[in-house]
Amino acid sequence: MKKQLEVRLSGAGGQGLILAGIILAEAALYDEKNAIQSQSYGPEARGGSSRAEVIISDNEIHYPKVISPNVLVSLTQDSYNKYKGELAEDAILIVDETVEVEADIKHTVYQLPLLEIARVELRPVVANIVTLGAFQRITGCVSYESLETAVLDRVPKGTEELNKQALAAGHKAAGDLLAR
Amino acid sequence: MKKQLEVRLSGAGGQGLILAGIILAEAALYDEKNAIQSQSYGPEARGGSSRAEVIISDNEIHYPKVISPNVLVSLTQDSYNKYKGELAEDAILIVDETVEVEADIKHTVYQLPLLEIARVELRPVVANIVTLGAFQRITGCVSYESLETAVLDRVPKGTEELNKQALAAGHKAAGDLLAR
Amino acid sequence: MSNGRELLRLNKMPHIWCPGCGNGIITSQVLRAIQELEWDQDKTVIVSGIGCSSRAPGYLDFSTLHTTHGRALAFATGLKYANPELKVIVLTGDGDSAAIGGNHLIHACRRNIDITTIVFNNSIYGMTSGQYSPLTPTGSLATTAPYGNIDRTFDLSQLAVAAGATYVARTTTYHTNQLRDFIKKGMQNKGFSVIEAVTHCPTYFGRRNRMGGAVEMLNWQKDHAVPIRAAERLSEEELADKFIIGEFHNKPEPEYCERYAQLIANTKGQE
Amino acid sequence: MSNGRELLRLNKMPHIWCPGCGNGIITSQVLRAIQELEWDQDKTVIVSGIGCSSRAPGYLDFSTLHTTHGRALAFATGLKYANPELKVIVLTGDGDSAAIGGNHLIHACRRNIDITTIVFNNSIYGMTSGQYSPLTPTGSLATTAPYGNIDRTFDLSQLAVAAGATYVARTTTYHTNQLRDFIKKGMQNKGFSVIEAVTHCPTYFGRRNRMGGAVEMLNWQKDHAVPIRAAERLSEEELADKFIIGEFHNKPEPEYCERYAQLIANTKGQE
Amino acid sequence: MKKPVLMQGNEACVHGALAAGIGFYAGYPITPSTEIAELLAEEMPKVGGYFIQMEDEISSMAATIGASLAGKKAMTATSGPGFSLKQENLGFAVMAEVPCVVVNVQRSGPSTGLPTSPAQGDVMQARWGSHGDHATIALSPYSVRESFDVTVKAFNLAEKYRTPVIILLDEIVGHMRERIDIPEPGTYEVLERPKTDLSPQEYQPFDAPVDGIVPLAPFGTGYRFHITGLTHDRTGFPSTKPAEVDYKIRRLTSKIEMNTEDIVEWETYNCDDADTIIVAYGGTARSAQATMELAREKGLKVGLFRPVTIWPFPEKALIDIAKDKRVIVAEMNLGQVALEVERILKQDIEKVNKIDGEPITPQEILDQIEGV
Amino acid sequence: MKKPVLMQGNEACVHGALAAGIGFYAGYPITPSTEIAELLAEEMPKVGGYFIQMEDEISSMAATIGASLAGKKAMTATSGPGFSLKQENLGFAVMAEVPCVVVNVQRSGPSTGLPTSPAQGDVMQARWGSHGDHATIALSPYSVRESFDVTVKAFNLAEKYRTPVIILLDEIVGHMRERIDIPEPGTYEVLERPKTDLSPQEYQPFDAPVDGIVPLAPFGTGYRFHITGLTHDRTGFPSTKPAEVDYKIRRLTSKIEMNTEDIVEWETYNCDDADTIIVAYGGTARSAQATMELAREKGLKVGLFRPVTIWPFPEKALIDIAKDKRVIVAEMNLGQVALEVERILKQDIEKVNKIDGEPITPQEILDQIEGV
Amino acid sequence: MENNPKTRVVVVNEKFCKGCGICIAFCPKKALTPQINGKPVWDNDLCIRCGLCELRCPDFAIYLVQEGEE
Amino acid sequence: MENNPKTRVVVVNEKFCKGCGICIAFCPKKALTPQINGKPVWDNDLCIRCGLCELRCPDFAIYLVQEGEE
Ligand SMILES: Cc1ncc(C[n+]2csc(CCOP(=O)(O)OP(=O)(O)O)c2C)c(N)n1
Ligand SMILES: Cc1ncc(C[n+]2csc(CCOP(=O)(O)OP(=O)(O)O)c2C)c(N)n1
Ligand code: SF4
Ligand code: SF4
Ligand code: SF4
Ligand code: SF4
Ligand code: SF4
Ligand code: SF4
Ligand SMILES: [Mg+2]
Ligand SMILES: [Mg+2]
């Protein structure tokens, strides 16, 4: 693996991807890696798409912004269209089932019913945590334990169990997909 | 005579010395000389003393402020005390009768009842013009005609005659003194 | 009737406001009012400050001026004074007009300059993500009032009246037709007019104060707005959690530009 | 009784004000009020902006703060809020408080922070030699209104009431005892108080408007000030060239620092 | 004989503005600039122009911009504290490319300072007082006549480059009275606001070459467009696209920097044979002139370089004249233009500074020359 | 394992302020500084401190000064437009020598610009934004941890030199989240406000040596004195006497300039063997670090000079390290610190500038190095 | 061809509509029902052409037009 | 030794007094008359020790004291 992993999480405003980015970065810290999280602000954030970025590395991270993501996560078509550019050569994509990806895309694509899992099995608000579960299973760039700790640190009191389940559900869904 | 004449007119606020300074400078312009007028502003001007400065020269005047006056005019004791410093070696003083001047002063002093002339013979407000008349007679640095023209330019409509008389009265008083 | 879209810069749409945001409702009423009064598109200038609400002019097909935070009325005063034949409307937020811009509001009122000001009062700083404004009611939550706002509830319309505005009215985004009606009256008033449009920011004010979405907030307006006549018959307690809507002031007085025109007429050519 | 000179910085006297200027009369009443209420000299802070009137604190033997033009109330708010045990008095001019400082005035009123503000209203910018201020009456002359002021006559006290001050009163330098009385009441009000002291500037306002000297201007005040009760019985015409003096508002409400102290009490140590 | 006219620098500034066709003035009184407002209050209605006293300096700057957008040549005047307050809206005028003239009659600072005393402490502020990157045009006259000339020029430059232009008067020049022969109309250039050839449909208010502008169509003349202080594209609408932002922000600087030769103005005195060059501007240049005469009388080869445009600084001219000579920068501050001179010449320089409220005397500069 | 903490630069600034003993905050919301106010609104009441949201930035600055005079360590935070508005009262704090901390989280300008994008366009404004002559202390952190450190230091310097201290954050550092290990109390210096030894009778609030201060006695503690923005004498009362004015105004600069060695802070990386020195600060220094690594991988001898105090600039250190080497100044503006570097080094330098709202990438600096 | 109810239809501009649900909530005849994205579907039969949806839509996204227009 | 009228005198601080004439104009008993510089001269006999001069003097220049004080 490359010494520095650049991750872009994208979706609609309100889907909690910024929180997901923070949790992911914190999980990396638990793993004693370095991590930097950033996000886009401004009127852009008011309308449709939202974006969070995380860089994870064993070394010091100087430049804090993602230049070419190694992993792009997209929960909506809009955000996929907007942020799919400038991916790293070896980038992988983790997208919701509802996102249509170009047939001729040269990157590895993992398509999962992330939103549906949240909506049907749990609650729509935990789609971001479901996503993190899947992300962990696919990239392995943080440990599951650290991720779970980070999730439990950040989610509102009383929702710990729900979020644990969400994380597990995403993890499992990705496992199933990988197994196929 | 020195090529540049520095004049300081001083008195109490309200005695019209700034106007006198402006008139003097304008008279110099009528004589086709150069002149610069300046004055002190600020809270200082609110309280007691007031000061106007004029530089008259046949040449271009660069530095616009009076450094060491060749002529100091003082209508009040306060203003005399305040501004008597830093006179030029050959300076002359034109002061109101009510001003007490040090006995050992090394400058030529002309003491005249300027305020009284205005008050008794004319009106108190024209003390500044009386002063100008005396100033002209003593220094001769502007012509009487130019001074009169400048006075008439600047004084309020309807007071021309009064001011002409004032100028003449000052001129005469100085003449009488010089004659003594 | 139309929603005013003929006067939109359609190529700039959709606008940046959040789903359900009341700003669009007010903007639509402004456009309808202009249409109904048949104001000349080429002679109408729309000025704003900074804020979510102040983004409105960018969508409106007039000469439009998006200025600095709080200063819209000062820019507008210069514009109107320098060319009194222009019709000038100012769109501003509660923060823009009542916080940083409060002084310019008072002085525009005082001068009675012929400008119609519409205050988009969403009780919050929307653009900067939900800090309390001078018009945030006591006790409400905001990012800078995490324990509840300790400031007193403030009445901007009353201030405008005291400062000398000659037309002052308040209503809500729920009372849409009344809103348009007040805006039109303000525009017709030859003098300074303030229309306080109570609006809803579901994203920040609504969410933080658990008021539900746009629909619930509109219903809240319906339930808490009391017409001025009705209010007169209610006790202070009954009015405690209510606010008053209606026309507070409507009394023409000499307009500023006209008074200066008179001065020019008296002076011109004097030398 | 004393004229308050025990509280002067005698070595700074005589003050810079012109002969007959009303500023000294107001200042004397402020000092007498402090004496009569026995405020602690070491715990009293006097703050001002910029203007002739704002030079007053320099002569007063307290902690004194001469700030920037129009901002006295903002400085004072920080001072008082940061240490509520200080007693804070603000001395300000009509330009300082109503022109450039209008916004801070409104917001201090709105917060009801425990500060007593005395506005030296001489209807003119004295310090800068006689330009018109927002409180210059319509038609009066000033260096920047050589043809007569076209601005509308403005009522600062009414603005203060509308903005939420809990004690508001106006009187003149002629009504000296009443002035002291109002100042004392303002100081005793736990909240924001505004005392508008109509005063005379013989040098600029008086001279330009041919009102005579200090004595004539004091007599003018006597003839043109109408007590609030009397005014109620007069018609608009009868009041046309008059102005009203008296207490306009006196209704205690929760004070700002106390509300924040409550918030601290509720929050402190929470982590 | 033509009647000689004695006038203050502040008054000459007003007459310059009137000569340039000023149509609008908004201001708030402050010493030592107030005479400008007072005289305009009297003169403007006579010529059908608009004078307004605003509630403060922020609104004065705003109203000035508003009036300019309405098509008037517009000006505001102030001094130190007020100049600080205008900075935000001055930046708006820069960003929105709205022509206007801002006069700062400098007094002694910081803060309230010495309100009635001269200083030149706001020279760097004129360049850097507002946040964000931009270029500045600032002119500093040294005489009453030049106050007139520079004001006419300021209006011309404002219109030509669609930018606020700053006049840095100082209390010395602003308040002193000297003879001025006001030139006859027609003997000096007055630039009217350029008009667009384009139709309202074609017009894009910011579609300009890197070194230039698009004429600004006044509001109310059938051109409906948008003005904002946000970064914007050539049409004037907000844009966050890096390429458009880059183009826009760089042009604010390049339209001035690429026209430096057209804008800069300076004068030299006795520089040909000089081994010592005094650099001085505004009121202090008068002291330096007197110094030069004193020095020449003593046989010292002293010259004077007097920038009239402080920003952009006449960089090339300075290098031509002063490089590797002894250079003394005299100014009523603690060394502001001196920093720029040092940077341009890349050599050590000497300074004569004064900040006590009194003007620098000719002798004080001479003392520095003579190493007293 | 100690729980790792992920934090924004803005949040770290708040924690630094709390660590330094902040007792008062006044502000007005503005992106990208608002998190500072929001977090303080939450934290201040918990520690018995005072948080107030004022009606604008002018009053926020004023209230901050007022609170400092009441004896509290006081801070305000803002961004570009608000920083412009604070300039007048910032000058008052300078003149009256009132300690306080002013944070400017820089965003892209001029004017409203790109409110949510990073820039470093206010560096010169921090030095020259207020009228009149004075010196400035301004610090610019490049990491979240340094945001904490610099804030503590800013409070210390403010108290030590009785002056406002400016923290120039930028949107990059202010908004990014990275790990921070907040140091234990006791491991860093916290300077309490110096107390006077003198009795109220003897005390003169400005009777200071040229390179220092007199401790500021809080209002309400029995010391009755006068504070004014007018020039004043050692007792604090207005004075127009040239000698007193000269002493006062020069001291505002000398108390900082004569202590430059105590104040300045900078870091160097790989400068010993470098033939090319990048000068960069704040968020851009991170790009430069990455550039350096890329360059070193290519065998290019590149070093980095990173000023932490922008004002006073670490002039001596820069000369020691960079004189006669190839120097590249990288900054998110059109070249502001570059002017100072050019002046100090008296040599030609190269610049990498960006003002389109995006950070400078490591590659862009590398391209300059490689002459691409 | 005036405002003849029979010939007027309610149009939704899907590009402008943000699915806020206001039109749906305040339609007096429940002639509007939400799609999954919140945007309204119009029922010609229930609609009485009162214009309230148009009046309150914050996005200029729903309005009545003569059939065939736009 | 209280406020015994007989023992109280009106004092004028000539350094503070600016000769504005206010005390003179508003003295109910005409106990004050102007010198040439406008500053008041006090008449012990006419004075009723009402304190109005002290009350209105803008310059803290005239006031009643116990005889022998100050
Ligand atoms: C001088 C200045 N200060 C602060 C800001 C930041 N700011 C932008 S909009 C805004 C408040 C917006 O609130 P409001 O006026 O109520 O408009 P809304 O967004 O709620 O419609 C603030 C504080 C700014 N742009 N400029
Ligand atoms: C920012 C700023 N603007 C303007 C001034 C100039 N100025 C000083 S005092 C003043 C007005 C004074 O009027 P007022 O407040 O009524 O006080 P007065 O002198 O009449 O007592 C002005 C405009 C200033 N000092 N600072
Ligand atoms: S934040 Fe609030 S005011 Fe701003 S667009 Fe969204 S809903 Fe509207
Ligand atoms: S100018 Fe007017 S207000 Fe100022 S001191 Fe003189 S009389 Fe008083
Ligand atoms: S009100 Fe407008 S934006 Fe909202 S759902 Fe209906 S059509 Fe869409
Ligand atoms: S026109 Fe009236 S009835 Fe028809 S859809 Fe709209 S709101 Fe409902
Ligand atoms: S009122 Fe005071 S200042 Fe005026 S004349 Fe009398 S004593 Fe003197
Ligand atoms: S005390 Fe009364 S009677 Fe005596 S001088 Fe004074 S005003 Fe006149
Ligand atoms: Mg709002
Ligand atoms: Mg006044």
Side-chain angles (χ1 to χ4, degrees), chain D residues 9 11-12 16 40-48 50 55 57-88 100-101 103-104 106-108 110-111 113 256-257 260-261 263-271, chain F residues 23-26 41-74 76 88-93 95-96 98 100 200 205 217-230 232 235-238:
Chain D
R9 288 166 170 152
N11 62 336
K12 298 293 156 193
I16 57 155
D40 184 344
Q41 219 171 335
D42 282 332
K43 297 286 177 202
T44 301
V45 181
I46 306 190
V47 184
S48 68
I50 298 288
R55 294 297 289 264
Y59 303 104
L60 311 183
D61 193 8
F62 301 87
S63 292
T64 51
L65 176 59
H66 179 224
T67 68
T68 48
H69 189 39
R71 317 302 175 187
L73 277 166
F75 282 83
T77 296
L79 244 161
K80 174 73 189 176
Y81 195 65
N83 183 359
E85 77 162 23
L86 297 175
K87 304 268 192 187
V88 180
I100 191 168
N103 207 29
H104 312 304
I106 301 170
H107 287 278
R110 179 175 71 78
R111 293 193 185 97
I113 189 161
Y256 201 63
C257 298
Y260 190 74
L263 193 156
I264 292 187
N266 297 344
T267 325
K268 210 167 165 177
Q270 278 187 18
E271 188 70 344
Chain F
F24 180 92
Y25 178 91
E42 216 166 303
E43 297 301 321
M44 288 294 261
K46 294 185 195 162
V47 298
Y50 294 87
F51 172 91
I52 189 168
Q53 185 175 298
M54 294 295 290
E55 53 271 20
D56 60 17
E57 288 89 351
I58 294 174
S59 50
S60 300
M61 188 71 232
T64 301
I65 297 169
S68 180
L69 287 168
K72 295 286 188 290
K73 287 191 176 181
T76 183
E88 190 202 5
N89 281 339
L90 192 57
F92 181 90
M95 186 67 147
V98 182
C100 55
F219 278 6
T221 58
Y223 291 79
R224 298 195 301 269
F225 55 94
H226 187 59
I227 292 280
T228 177
L230 288 166
H232 43 266
T235 67
F237 286 93

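Since we're looking at a predicted model, the values are computed, not measured. Just so we're on the same page: letters track the sequence lines, and every chain starts at 1.
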Undergrad: Is F:Tyr50 close to D:Cys257 at the side-chain level, that is, under 4.5 Å between some pair of heavy atoms?
TA: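 Heavy-atom side-chain distance check fails, nothing below 4.5 Å.
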Undergrad: Please classify the contact of D:Lys12 with chain F as side chain, backbone, both or neither, using a heavy-atom distance under 4.5 Å.
TA: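 For D:Lys12, side-chain heavy atoms alone lie under 4.5 Å from chain F.
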Undergrad: Any donor-acceptor pair under 3.5 Å linking the side chain of F:Ser59 with the backbone of D:Arg71?
TA: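 Not a single qualifying donor-acceptor pair exists.
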Undergrad: Of the backbone (N, CA, C, O) and the side chain (C-beta and beyond), which part of F:Pro238 lies under 4.5 Å from a heavy atom of chain D, both, or neither?
TA: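 Contact with chain D is through the side chain of F:Pro238 alone.
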Undergrad: Please confirm whether the backbone N or O of F:Phe51 pairs with a side-chain atom of D:Tyr260, one donor and one acceptor, at under 3.5 Å?
TA: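 Judged by distance alone, yes, a pair lies under 3.5 Å.
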Undergrad: In terms of heavy-atom proximity below 4.5 Å to chain F, should D:Arg110 be classed as side chain, backbone, both, or neither?
TA: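 For D:Arg110, neither part sits under 4.5 Å from chain F.
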Undergrad: When only pairs under 4.5 Å are counted, which of F:Ala63, F:Ala62, F:Ala217 shares the most heavy-atom pairs with chain D?
TA: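 When all of F:Ala63, F:Ala62, F:Ala217 are compared, F:Ala62 has the most.
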Undergrad: Please assess D:Ile106 against F:Glu55 for the test side chain to side chain contact (heavy atoms under 4.5 Å, CB included), listing each intermediate value before the final yes or no.
TA: CA-CA 10 Å; D:Ile106 301 170; F:Glu55 53 271 20; over 6 Å; no
Undergrad: Taking the side chain as C-beta and beyond, is there a heavy-atom pair between D:Thr68 and F:Met95 under 4.5 Å?
TA: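 The answer is no, as the side chains (C-beta and beyond) never meet within the 4.5 Å cut-off.
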Undergrad: If you count heavy-atom pairs within less than 4.5 Å of chain D, which of F:Ala26, F:Ala96, F:Gly48 leads?
TA: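 Maximum pair count with chain D is reached by F:Gly48.
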Undergrad: Tell me, out of D:His69, D:Lys80, D:His104, D:Lys43, who's got the most heavy-atom pairs with chain F below 4.5 Å.
TA: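 Result: the option with the highest number of such pairs is D:His104.
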Undergrad: Which atom pair, heavy atoms only, marks the closest approach of F:Pro45 to D:Ile264?
TA: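 Between these two residues, the closest heavy atoms are O-CG2, 3.7 Å.
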Undergrad: What option among F:Asp56, F:Ile58, F:Thr64 has the most heavy-atom pairs under 4.5 Å with chain D?
TA: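 Top count of heavy-atom pairs under 4.5 Å with chain D: F:Ile58.
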Undergrad: Closest heavy-atom contact between F:Gly66 and D:Leu79?
TA: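 Smallest interatomic distance, heavy atoms only, reads O-CG, 3.3 Å.
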Undergrad: Roughly how far, to the nearest 0.5 Å, is OG1 of F:Thr221 from CG of D:Asp42?
TA: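 It comes to 8.0 Å.
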Undergrad: Considering only heavy atoms from C-beta outward, does the side chain of F:Ile52 approach that of D:Tyr256 to under 4.5 Å?
TA: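 In short, these two side chains touch, coming nearer than 4.5 Å.
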Undergrad: With a 4.5 angstrom heavy-atom cut-off, which part of F:Met44 approaches chain D: side chain, backbone, both or neither?
TA: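 The answer is both parts of F:Met44.
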Undergrad: Taking side chain as everything from C-beta outward and backbone as N, CA, C, O, which of these in F:Ser68 sits under 4.5 Å from a heavy atom of chain D? Side chain, backbone, both or neither.
TA: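 Neither part, no heavy atoms under 4.5 Å.
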Undergrad: Between F:His226 and D:His66, what is the ring plane arrangement, given parallel below 30°, perpendicular above 60°, and tilted in between?
TA: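 F:His226 vs D:His66 ring planes: parallel.
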Undergrad: Among D:Leu65, D:Val88, D:Asn83, whose side-chain contact (heavy atoms from CB on, under 4.5 Å) with F:Phe219 holds?
TA: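 Per the side-chain contact (heavy atoms from CB on, under 4.5 Å) rule, the option paired with F:Phe219 is D:Leu65, out of D:Leu65, D:Val88, D:Asn83.
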Undergrad: Measure the CE-CZ distance between F:Met54 and D:Arg111 for me, rounded to the nearest 0.5 Å.
TA: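 These two atoms lie 4.5 Å from each other.
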Undergrad: CZ/F:Arg224 to CD1/D:Ile46 distance, rounded to the nearest 0.5 angstrom?
TA: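 That separation rounds to 11.0 Å.
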